[in-house]
Each structure stands twice: as C-alpha cells, then as structure tokens.
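Notes follow once the structure below has been shown.
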Amino acid sequence: MYIEQLYTNCLAEAAYYIESEGEAVIIDPIRETAPYLKKLDARKAKLKFVLETHFHADFVSGHIDLASKTGATIVFGPQAETNYKTYTAKDNEVFTVGKLKLKVLHTPGHTPESTCYLLLDENGKEHCIFTGDTLFVGDVGRPDLLDGKMTKEELASMMYDSLNTKIKPLADDVIVYPAHGPGSACGKNIGKETFSTIGHQKTNNYALQNMTREAFIKAITTGLTAPPAYFFKDAFINKNGYANIDTLLQETIKPLSVADFKAAMQHGATVLDTRTADDFEKGFVKGAINVGLNGSYAIWAATVIDIQTPLVLVADEGKEEESISRLTRVGFENIKGYLQGGFTAWKNANEATDTIKSITPEEFAVQATDATATILDVRKPSEFEQGFVTNAHNAELATLNSTMDTLNKTGNYLIHCAGGYRSMVAASMLKAKGFEHVTNVYGGFGKIKATNAPLSIPSVV
C-alpha cells in the first residue's frame, strides 16, 4: 500500500495518490496532468480510477484530461450529474484497487454530491478517509456555495447528518485526509495541519462536538464571509467540462513584444505582475496589479480579478510559464501572453511606469496618529476583530473591488494586512484605479504590534 498527499500550496489543496499491486487511484487532481503522469510512469503503475469528492469551486480539477490520457474511470458520488462521461457511485459502494478497497460514503452538506472515500487496507482494516471538503482539520466545508439553489441552512442540516452518521462513528485511529489546508476559503478557519485523525477531530473540531441540529446549523453558518465570485464559475466548469490543458497552455504561454503587450492593454487586457512585492514597488507597468508568485497566488488572483478578464503578465525571467499555468488551475483561460524581457524591457522602451511607497512598521507608528491619513486594514473581518490599529478601517481585500468606490481618491492611505503580501495587492489595485497617495506597510499587523502604534485589542472573556 502506498499513499501520498500531493499538496499544492498556492491553492491550499491536497490531491492524493494511492497505489497497490500496480493499480493506482488519484483523488481530486489539480488541472495539470504532467505531475501525475510522471508519478505513474516512475512507479510503473496503471491509473484505474480518478475519484472526485465533489464539484470543486476553488480550482479546476484535472480529472477529465487525466482520464482521457490514461483510460481511467472518473468517479463521482451520488447526485453528481455531468456533461461528460463519468461513473456515479452508490452510497457504500466499494471499489477495489490492488489489495485495497475504497468505500463510498455519501456525505452531503458542503454540496449535495459531496462524498468521502474510506480506505480499507490489505487486511480489511479501516485505515484512512479522504474527506474532500466535508471535513477539514479543525473545520468543515462551508454550506453556502450553491448560489441560491439550496440555502446554507438546508445544506448545514445535511452536513449535520453526514458528520453524525458517517464520520463520527469511525474509529479514532482512522487518518483524516482532507482536500484543503490553511488559506483555503472553502472553510471558515481551517487548521494549519494538512491531515489528522478522527479521534483528534472529535476532540478538537468544533463541528464534531455533541450539539443539537439547530446549534450546529448556527455554528457553521455564523461568520461566513461572501465566497469569491470565481467559486461559482469553477464549480460550473468542473460540472460541465473544460478546454484541454495542453492546448490551453500552448495558446497562452506566449512571449509578447512591448508593442504587442501595449496593444493588448489598449484592447482592455489587465496587467498582472507576478513578481514579489519588494520588486514590484520599485517600478511596474502603470496600471498593473501585483499578485506575487511567492504567496497564495492563484487564490488571490482569482479573488481580485474576474477569471474571464483578458490578461497579460509581467513575470521574472524563467517564471512566465509557472505564472500562467498556475492561473489556469483556477479557471483563467483568456490569457494573451507575457511581456518578453519582463519589466526591464518595458522600462527600456520608455513606456509609462509607476511605483508604490512602502514604510517600516516604526514609520507607520508615527504616521498612524496623523489625522489626515486613513489606515486601511485589508485582513479578513475575523482577523481584524482579534486586534487592530486604533482608528483603522477594515477594508477586506476579497471585497475591495466592491468597496473602493466609497473611498476618496484624493485621500492619503496607509495600507497593511497581516504580513505584507495582501497589502501590496490592495495598494496596486488602488493605484490602478487612480488613487495616488497610497503607502504600503512592511510586515503588516504582525510587525506593527511590536511598535508603539495605538492598538485596540479586544479583551478575552
């Protein structure tokens, strides 16, 4: 028996490779097929099944292309209807892979078709469970992603039954392998570990504690922020099918001259700069938005830019292909190419550039008391509520596009997040919309707390 978690940091997503006796299963693959094909080849294994736990909303799955290239069968749980060939499993149905068995546990709640796969080892012992977005470490999947087709309360009630009848009865030593880790918006507050055990979760996960149905529904629906708009688009893509990944990459990984890049901008393309914030702030194509490859790149790009938007990219040399391929994971398909020669080529051509000023936390502490400055804290409300700079305004990055119109373009803005990544994304967005007096704060709230800046820290009762 061989089990490997294949974790993709920029999506906070875990796919799984399972193998026995030369037969393999892959659960919830990301869009690129090459890593899986290489692994199958290296291990001399044949892919028998591609198992999907549900219609993913936060990334485009690689199940269709992977099945096409290997001859494997795509399996979904009950109630899944697709526009391509799949096998719809029944609740409690068992699939054999070498000497292993995978038992289907239909666990609606995150979505109606959500399904977990319980793995029984060579001796028939329940070894681990692949929980998809039903159960995370410290959390459960959010029940508000059906866009009006079902209420979050209806789905939460389904989740209550799924957890109590399918998950909690499992033995404490059964390993829990979820589809996501920290940073994913598929849960409210997912723990930092990427796997756990049933026993640990029954002790420490708030959603697995004994409570009434009404109390459970309230617990998992309270504090939900609006999901990113791309979630609904990705779920649609996963349900209905998509363009072949090899063809898509061939069409989008294209070098553009300065003239062609500029022409694409004039025809409405948005400029996405994937360099680090430290490099971006010193000089960038005027109007560009910065989402660095060094953070939760794909998630934030899709959160602040509509995935159907035509894009042109500026990247560090050698990072162009990675910048584009990671975007395709979340559904960007209208990518026109990248600037050949990067920002240096643009600057050498004497085209329009811009910069963003950044200050240290200590400098911020001095300026924080300036009545003429507006402090924008772009962290999530749940982060903000745990402590903030006095007089700061919570302008969550995920919703900044919709709240930007309420801000005065001539104002002086000091922008911070928790560590410095999101604040530069926000600063670049404001700059692109014509805000001139924008200052980024290095290190974010984590560093600001160590200064003498005025803070408001709620007392813990």
Side-chain angles (χ1 to χ4, degrees), residues 1-19 25-30 51-54 56-59 77 100-111 114-121 123-143 155-156 158-211 215-216 219-220 223-224 296 299 382:
M1 176 174 67
Y2 179 84
I3 300 171
E4 183 177 354
Q5 183 184 71
L6 305 170
Y7 199 78
T8 304
N9 283 304
C10 85
L11 297 175
E13 192 272 347
Y16 295 92
Y17 177 95
I18 304 115
E19 181 194 314
V25 170
I26 293 174
I27 300 177
D28 293 339
I30 62 169
L51 303 183
E52 290 287 298
T53 56
H54 63 296
H56 302 283
D58 60 310
F59 70 100
L100 308 177
K101 295 185 183 301
L102 284 156
K103 184 177 181 181
V104 174
L105 299 182
H106 185 212
T107 51
H110 176 61
T111 62
S114 284
T115 296
C116 299
Y117 297 98
L118 179 64
L119 185 143
L120 284 67
D121 67 16
N123 300 313
K125 183 181 185 301
E126 295 177 352
H127 176 75
C128 64
I129 183 168
F130 303 94
T131 55
D133 286 20
T134 295
L135 177 65
F136 300 127
V137 175
D139 206 351
V140 292
R142 59 189 303 161
L155 283 166
M158 289 181 177
M159 180 74 82
Y160 180 80
D161 290 329
S162 294
L163 295 175
N164 282 285
T165 63
K166 301 290 182 70
I167 302 296
K168 290 173 71 173
L170 296 172
D172 286 353
D173 63 349
V174 171
I175 301 168
V176 174
Y177 286 125
H180 292 290
S184 170
C186 292
K188 287 193 297 185
N189 191 26
I190 301 174
K192 64 181 181 179
E193 297 85 5
T194 61
F195 64 93
S196 184
T197 63
I198 290 293
H200 191 270
Q201 289 308 296
K202 284 195 289 190
T203 301
N204 297 284
N205 190 322
Y206 78 98
L208 294 189
Q209 305 311 302
N210 292 326
M211 65 183 93
F216 176 84
I220 74 165
L224 288 171
S296 297
I299 292 174
S382 59

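Throughout, residue positions are numbered sequentially from 1 according to the sequence presented.
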What do the steps show when you test Phe195 against Cys128 for side chain to side chain contact (heavy atoms under 4.5 Å, CB included), and what is the final call? CA-CA 10 Å; Phe195 64 93; Cys128 64; over 6 Å; no
So Phe216 and Asn164, side chain to side chain contact (heavy atoms under 4.5 Å, CB included) or not? Walk me through it. CA-CA 11 Å; Phe216 176 84; Asn164 282 285; 5.9 Å; no
Lys166 side-chain N/O to His106 backbone N/O, donor-acceptor pair under 3.5 Å: yes
Hey, could you give me the CG/CG distance between Leu170 and Leu135, rounded to the nearest 0.5 Å? 10.0 Å
Atom CG of Asn123 and atom CD of Glu126: how far apart are they, to the nearest 0.5 Å? 13.0 Å
Quick one: CD1 on Ile167 to CG on Asp161, what's the gap to the nearest 0.5 Å? 12.5 Å
Would a distance-only check, ignoring hydrogens and angles, find a side-chain to backbone donor-acceptor pair under 3.5 Å from Tyr117 to Glu52? yes
Search all heavy atoms of Val140 against all heavy atoms of Ala207 and return the closest pair with its distance. CG1-CB, 3.6 Å
At their closest point, which heavy atom of Arg142 faces which heavy atom of His110, and how far apart are they? O-ND1, 2.8 Å
Output every pair passing salt bridge (charged side-chain N to carboxylate O under 4.0 Å, His left out) with a member in residues 185-208, not counting sequence neighbours, ordered by first then second residue. Asp172-Lys202
Starting at NE2 of His180, measure out to CD1 of Ile190 and round the result to the nearest 0.5 Å. 7.0 Å
Taking every non-hydrogen atom, the tightest pair across Val137 and Ser196: CG2-CB, 3.9 Å
Does Thr53 reach the side chain of Thr115, with side-chain heavy atoms less than 4.5 Å apart? no
Are the side chain of Tyr206 and the backbone N or O of Ile220 linked by a donor-acceptor pair below 3.5 Å? no
The side chain to side chain contact (heavy atoms under 4.5 Å, CB included) partner of Gln201 among Thr203, Thr197, Asn205, Ile198 is Asn205
With a 4.5 Å limit on heavy-atom distance, are the side chains of Asp28 and Tyr177 in contact? no
Taking it one step at a time, do Leu100 and His127 satisfy side chain to side chain contact (heavy atoms under 4.5 Å, CB included)? CA-CA 10 Å; Leu100 308 177; His127 176 75; over 6 Å; no
Output side-chain donor-acceptor pairs under 3.5 Å for residues 8-18, partner residues at least two apart or in another chain, one line each.
from  : atom 1 : to     : atom 2 : distance (Å)
Tyr16 : OH     : Gln5   : NE2    : 2.9
Tyr16 : OH     : Pro178 : O      : 2.5
Tyr17 : OH     : Glu19  : OE1    : 2.7

Spacing of Lys168 atom NZ and Gln209 atom CD [to the nearest 0.5 Å]: 7.0 Å
Checking the side chain of Ser114 only, and the main-chain atoms of Thr111 only, is there a donor and an acceptor separated by less than 3.5 Å? yes
Taking C-beta and beyond as the side chain, do Leu224 and Pro143 meet within less than 4.5 Å on heavy atoms? yes
Stepwise side chain to side chain contact (heavy atoms under 4.5 Å, CB included) test for Leu163 and Thr134: CA-CA 8 Å; Leu163 295 175; Thr134 295; 4.2 Å; yes
Measure the spacing between OG1 of Thr165 and OH of Tyr160 and express it to the nearest 0.5 Å. 10.5 Å
